[in-house]
Amino acid sequence: MIIGLTGSIASGKSTVAKMFADLNIPIVDADKVARVVVEPGRETLQQIAAQFGDDVILEDGHMNRKKVGDLIFHDPTKRKQLNEIIHPAIRKEMLRQRDKHLSDGHPHVVMDIPLLFESGLQSYVENILVVSVSEENQLKRLMARNDLTEQEARARISSQLPISVKEKGADAVIYNNDSVASTKEQLHYILKKWGVLQEL
Ligand SMILES: CC(C)(COP(=O)(O)OP(=O)(O)OC[C@H]1O[C@@H](n2cnc3c(N)ncnc32)[C@H](O)[C@@H]1O)[C@@H](O)C(=O)NCCC(=O)NCCS
Ligand SMILES: Nc1ncnc2c1ncn2[C@@H]1O[C@H](COP(=O)(O)OP(=O)(O)OP(=O)(O)O)[C@@H](O)[C@H]1O
């Protein structure tokens with residue numbers, strides 16, 4: 001089964017992805033792929049610099065992620081411009097990794113895609129698992145993890161579809177408001193229902 005793992009920013013996708021990894025189910029991680037396609041010297045990075053200016057590239061050749069983040073999380077037009085440059089490269093590499101895991105004989109693959117709904121990638125996966133979180137916990141965790149002000153965190157949250165909309169498009173929802181152990185219990189329950197994990 002190809003499982004699409006999504007949610008909102010800082011809702012707990014990586015936390016759940018790690019639980020899949022513990023079950024030896026491979027993960028295709030869109031955020032990681034997004035870093036690979038802008039490695040120094042890549043054409044995608046040159047296109048980003050042509051659009052936003054050479055100062056989005058650091059002296060060592062890497063993309064200045066802070067600078068690009070500040071640009072796109074506060075401006076929908078710039079966000080759309082970045083997405084149009086970077087998303088085709090991300091999609092191509094994600095499909096390559098998915099197919100590699102399948103041809104290596106893995107029966108299940110997780111595709112961790114934060115923007116699965118925003119980018120209309122539902123057809124890439126068979127079942128969609130949404131990791132949901134309360135607004136209060138999301139804000140608190142995002143500010144702590146990324147060392148952001150409340151305003152910066154809110155800008156990132158509102159760059160995505162509301163979590164309630166994502167829940168409506170899900171085949172299953174995990175509520176990640178309590179302990180990590182409770183989140184793991186919910187995941188295992190869902191995976192048994194889907195036949196990915198055997199009943200004990
Ligand atoms: C803007 C960038 C440089 C910020 O880098 P930074 O290291 O601060 O954040 P990171 O890459 O770890 O992303 C954190 C989260 O931000 C959210 N996010 C990232 N890009 C976007 C976007 N274009 N629109 C909405 N939310 C986004 C996602 O929830 C993601 O999980 C980076 O996120 C990026 O290159 N984004 C474009 C690629 C993209 O759309 N990635 C999302 C997965 S496809
Ligand atoms: N149940 C939980 N209780 C407390 N903290 C948690 C819980 N789940 C996740 N966190 C913390 O919240 C933060 C966000 O979680 P995580 O990184 O898994 O989210 P994400 O959805 O992958 O984020 P992003 O969209 O930015 O990639 C992390 O610092 C993580 O350690």
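As the structure lists them, so they are numbered: ligands from 1, and atoms in each ligand from 1.
Between Glu43 and Gln47, the side chains place a donor N or O and an acceptor N or O closer than 3.5 Å (distance only, hydrogens not considered). Under the 3.5 Å distance criterion, with hydrogens and angles disregarded, a donor-acceptor pair is assigned to the side chains of Asp60 and His62.
Residues Asp171 and Ile190 have side chains not in contact (no heavy-atom distance under 4.5 Å, counting atoms from C-beta outward). Side-chain contact between His87 and Ser119 is present, with heavy atoms from C-beta onward closer than 4.5 Å.
Legend: salt bridge (Lys or Arg N to Asp or Glu O under 4.0 Å) pairs involving residues 125-148, not counting sequence neighbours, sorted by first then second residue: Glu135-Arg154.
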Using a cut-off of under 3.5 Å, which N/O atoms of ligand 1 pair up with protein N/O atoms, and what distance separates each pair?
residue, atom, partner, partner atom, Å
ligand 1, 5 (O), Arg65, NH2, 3.4
ligand 1, 7 (O), Arg35, NH2, 3.1
ligand 1, 7 (O), Arg65, NE, 2.8
ligand 1, 11 (O), Arg65, NH2, 2.8
ligand 1, 12 (O), Arg35, NH2, 3.4
ligand 1, 23 (N), Asn83, OD1, 2.8
ligand 1, 26 (N), Gln160, NE2, 3.1
ligand 1, 29 (O), Gln160, NE2, 2.7
ligand 1, 31 (O), Asp31, OD1, 3.3
ligand 1, 31 (O), Asp31, OD2, 2.6
ligand 1, 40 (O), His87, NE2, 2.7

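A salt bridge does not link Arg79 with Asp75: none of the charged nitrogens is closer than 4.0 Å to a carboxylate oxygen.
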Name every donor-acceptor pair, under 3.5 Å, that has one atom in a side chain of residues 18-41 and the other anywhere in the protein, sequence neighbours excluded.
residue, atom, partner, partner atom, Å
Asp29, OD1, Asp31, N, 2.9
Asp29, OD1, Lys32, N, 3.1

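Every protein residue with a heavy atom nearer than 4.0 Å to ligand 2 is included here: Ser8, Ile9, Ala10, Ser11, Gly12, Lys13, Ser14, Thr15, Asp31, Arg141, Arg145, Asn176, Asp178, Ser179, Val180.
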Going through the checks in order, is the side-chain contact (heavy atoms from CB on, under 4.5 Å) test met by Leu142 and Ile157? CA-CA 9 Å; Leu142 180 58; Ile157 291 170; 4.0 Å; yes
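Proximity of a side-chain donor or acceptor of Glu152 to a complementary backbone N or O of Thr149 within less than 3.5 Å is detected.
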